[in-house]
Amino acid sequence: MLSIRNLHANVAGKEILKGINLEVGAGEVHAIMGPNGSGKSSLASVLAGREEYEVTEGEVIFNGKDLLDMAPEIRAREGVFLAFQYPVEIPGVSNINFLKTAVNDVRGHHGLPPLTPKEFLQLTREKQKLVEFDAKLVNRSLNEGFSGGEKKRNEILQLAMLEPKLSILDETDSGLDIDALRIVSAGVNKLRSKDNAFVLITHYQRLLNYIVPDFVHVLWNGKIIKTGTKELALELEEKGYDWLKQESVALDN
Amino acid sequence: MVVSTSTLYDQLIESFGDVKIANPVRAKAMEAFRKNGFPTIKDEYWRFTNLRPFLNDNFVVVNEGLGSLDANEIKACIEEGEIEDLDAYKLVVVNGVLSEEFSNLPQSNTISIRPLAEISEDSTFLDKINNRLDIEKPMNSLAALNTAMFSDGFYIEIAANAILDKPIHVFNIYGYSENVFLQPRNMVVVNKGAQIEIVETYTCAGDKLYFINSVSDLFVDSNGSLTHSIFQNGKNAERVVNHTQVTQQKDSHYANYIYSIPQSAIIRNNLNVELEGSNIETHMYGLYLAGKNQLIDNHSLVDHLFPHCESNQLYKGVMIEGGKAVFNGRIYVHEDAQKTNAYQSNNNMLFSNDSVVHSKPQLEIYADDVKCSHGTTIGQYDAEALFYLQSRGVSEEHARAMLVIAFANDVTSKIPNEALRNHVEEKVSATIAQANVTI
């Protein structure tokens with residue numbers, strides 16, 4: 001589904017990603033872990049098409065197409081979804097109208113007619129229930145005055161509505177209490193299928209107790225320095241990152 | 001002495017006819033214009049709006065009614081001014097003259113809608129025009145010129161305690177085959193306890209230059225209510241100076257909504273409201289989207305003369321493609337106007353590196369027990385919000401329009417009339433979606 005090959009990227013002239021290689025297949029869940037400043041969120045940003053990141057080398061192929069060549073909205077319509085670490089509050093834009101525009105723009109891209117108001121309402125109700133999202137929040141301004149947990153749940157609601165092929169969750173667990181973490185994870189687990197894939201960016205092994213990954217990657221200094229299975233996450237929890245950093249430095253030398 | 005645009009100036013002085021000279025009000029007004037000339041940037045209230053380049057072309061100074069539009073052209077202009085789903089009476093004014101043929105007026109003896117010319121030559125009429133408008137001040141010299149020279153416009157008067165069931169949509173239509181300098185004059189009288197809503201649109205046919213120097217006198221008597229919306233979306237050949245002079249009596253309500261979008265080369269709106277009693281409520285909402293080669297200037301004055309009144313002003317601006325805007329709001333709270341609540345706010349959002357906004361919110365308070373606030377902001381759109389919307393599949397154009405509609409929401413949500421609100425949001429969305437963003 002997703003092939004990242006030798007990806008290098010700069011932000012403000014500084015190299016942040018220094019040759020990432022990653023293959024994500026349909027039905028898989030990948031976790032990307034790593035210390036602060038290692039480039040995890042930058043990778044998510046580059047994949048979603050954030051303007052300030054400049055790709056200097058490498059390629060990203062998504063379902064046979066050059067992802068880096070697409071505008072952010074085209075990536076989204078093709079099936080890439082980034083759940084934001086800090087979802088943006090947009091006063092004056094209603095959550096429900098925003099969802100409707102997004103769903104119909106994505107449908108239009110695939111040659112599908114817009115949903116009728118009734119169909120849309122039905123879909124919203126169904127997905128709302130799935131991710132346990134408070135119906136009252138749907139009619140409010142987008143994320144305005146939402147708690148941290150409500151914002152993250154709103155991300156998962158959008159994910160559920162748009163049914164992307166590849167979902168990148170950028171530290172979705174940060175700032176969540178145990179109950180919210182359980183609800184968000186349960187939502188993701190319900191949305192998992194053999195046709196879609198998830199990339200979870202996280203600092204903590206805790207999330208991976210709820211959403212069990214097929215692969216765990218460690219990102220450090222703009223590169224993936226170790227790949228393993230869910231057991232790697234447990235090892236990291238116990239030992240921290242220093243042993244890997246040393247291994248990596250030794251390898252480079 | 002007068003140095004600028006001498007051709008037009010001389011032409012105007014010359015065309016001030018004998019009949020008008022005989023009228024003392026008009027003669028005084030002409031004298032004021034003769035003395036002050038066109039406003040210049042040396043005047044504090046015109047500092048950022050230089051009219052000179054807009055007055056240098058050759059204009060024919062015409063009396064209202066000398067246009068050259070045929071029925072089909074008038075129909076086309078009406079269509080252009082239509083507001084979808086707006087259930088309203090139609091008042092069609094062609095080249096300043098009320099057209100019975102194209103209008104659809106309320107059939108009620110509680111409301112009188114007539115050409116101003118029918119009553120303006122009455123010897124007492126000129127005493128009725130708003131004497132609160134100080135035409136001797138250089139800043140008001142264009143209003144003085146209008147007072148001296150106007151020949152027609154519309155006159156609406158609603159009888160005491162009458163309530164008009166639907167808004168009146170005024171289609172101001174102009175069509176000339178040469179460049180023209182026009183001076184329409186309109187008057188609205190809302191008697192005690194009456195209620196009326198007026199929506200105005202402007203359409204100029206053809207590609208000639210139009211300089212429209214219009215003045216409206218509005219009177220809202222005690223307990224009366226006037227809701228007044230003006231929609232400005234002219235062509236680049238249109239130059240508009242629009243002076244609205246409002247006088248409110250006790251317990252009355254006046255709400256002014258003004259929406260300006262491209263492309264008139266210059267729009268200068270003067271809105272002066274005199275609060276001549278207690279318990280008056282005044283609302284002023286503005287939304288301007290200044291585009292390429294455009295200057296939109298909103299000047300307002302709210303004069304709090306009596307205690308226990310409330311005025312509320314909120315103007316929002318969106319700047320694209322090098323458009324320029326001026327906001328100057330002045331709230332004057334006189335010594336006797338205790339317990340005044342007066343609020344004023346102007347917010348601007350830039351989408352262009354070359355755009356300029358001059359914003360000047362002013363409060364002058366001489367009473368000691370009031371609640372007043374004023375403020376202004378100028379900022380860029382939120383790039384992170386734009387990216388957030390795009391990352392969900394919304395196109396950049398739609399996302400930008402959503403952000404602008406969200407920004408404007410504080411103003412548009414106040415529009416009491418849903419059809420008009422949709423119309424404004426649609427026009428604004430379409431304009432911003434097509435805009436070339438350089439920031």
Side-chain angles (χ1 to χ4, degrees), chain A residues 44-53 70-95 97-110 112 141-144 151 154-155 157-164 166-168 170, chain B residues 259 285-287 289 314-318 345 347-349 351 353 377 379-415 418 421-422 424-426 428-430 432-434 436-439:
Chain A
S45 296
V46 170
L47 293 178
R50 212 183 263 279
E51 216 177 32
E52 52 272 34
Y53 288 84
M70 301 175 195
E73 61 268 29
I74 305 298
R75 299 180 195 204
R77 293 175 197 174
E78 286 282 332
V80 176
F81 183 95
L82 171 65
F84 279 49
Q85 185 178 358
Y86 304 108
V88 185
E89 294 193 18
I90 314 186
V93 170
S94 98
N95 216 356
N97 284 343
F98 159 63
L99 280 173
K100 196 187 282 170
T101 309
V103 166
N104 286 332
D105 277 5
V106 171
R107 286 177 65 85
H109 183 74
H110 295 289
L112 297 168
S141 275
L142 186 48
N143 291 328
E144 192 189 12
K151 282 180 187 167
N154 199 14
E155 295 293 284
L157 173 66
Q158 291 167 24
L159 193 161
M161 295 286 291
L162 295 172
E163 300 181 331
L166 173 71
S167 304
I168 304 158
D170 188 7
Chain B
Y259 320 104
Y285 293 103
L287 177 60
L289 202 166
L314 176 60
Y315 273 57
K316 291 220 164 187
V318 177
S345 176
N347 312 111
N348 298 278
M349 195 187 230
F351 283 93
N353 279 325
T377 63
Q380 287 181 32
Y381 67 95
D382 181 353
E384 181 69 8
L386 190 75
F387 176 67
Y388 187 64
L389 296 173
Q390 280 180 273
S391 78
R392 299 299 180 251
V394 180
S395 69
E396 192 186 337
E397 293 75 21
H398 277 163
R400 215 190 296 138
M402 279 171 108
L403 292 183
V404 166
I405 294 300
F407 171 72
N409 186 54
D410 299 338
V411 168
T412 52
S413 65
K414 302 295 191 306
I415 305 175
E418 198 185 340
R421 179 165 61 235
N422 291 340
V424 170
E425 290 195 338
E426 246 166 60
V428 168
S429 291
I432 192 72
Q434 288 161 16
N436 180 21
V437 175
T438 58
I439 207 162

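All chains are named by letter (A, B, ...) in the order of the sequence lines, taking the proteins before the strands, and each is independently numbered beginning at 1.
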**Study point:** B:Asp410 versus chain A, the contacting section by heavy-atom distance below 4.5 Å
**Key:**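 For B:Asp410, no heavy atom lies under 4.5 Å from chain A.
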
Which heavy-atom pair separates [X] from [Y] by the least distance, and what is that distance?
| X | Y | result |
| --- | --- | --- |
| B:Ala406 | A:Gly92 | CB-C, 3.6 Å |
| A:Asp105 | B:Val394 | OD2-CA, 3.5 Å |
| B:Ser391 | A:Ala76 | O-CB, 3.3 Å |

Practice item. Show your working on side-chain contact (heavy atoms from CB on, under 4.5 Å) between A:Glu51 and B:Phe387 and close with a plain yes or no. Key: CA-CA 8 Å; A:Glu51 216 177 32; B:Phe387 176 67; over 6 Å; no

**Study point:** Audit row: A:Arg77, B:Ser395, side-chain contact (heavy atoms from CB on, under 4.5 Å) steps and yes/no
**Key:** CA-CA 10 Å; A:Arg77 293 175 197 174; B:Ser395 69; 3.4 Å; yes

Heavy-atom proximity to chain B below 4.5 Å, by part of [X]:
| X | answer |
| --- | --- |
| A:Leu142 | side chain |
| A:Pro87 | both |
| A:Glu155 | side chain |

Check your understanding: What is the distance from atom CD of A:Glu52 to atom CD of B:Glu384, rounded to the nearest 0.5 Å?
Key -> 7.5 Å

Practice item. Output yes when a side-chain donor or acceptor of B:Arg392 lies under 3.5 Å from a complementary backbone atom of A:Leu82, and no otherwise. Key: yes

Exercise for review: With a 4.5 Å cut-off on heavy-atom pairs, point out which of B:Glu396, B:His398, B:Gln390 contacts chain A the most.
Suggested key: B:Gln390

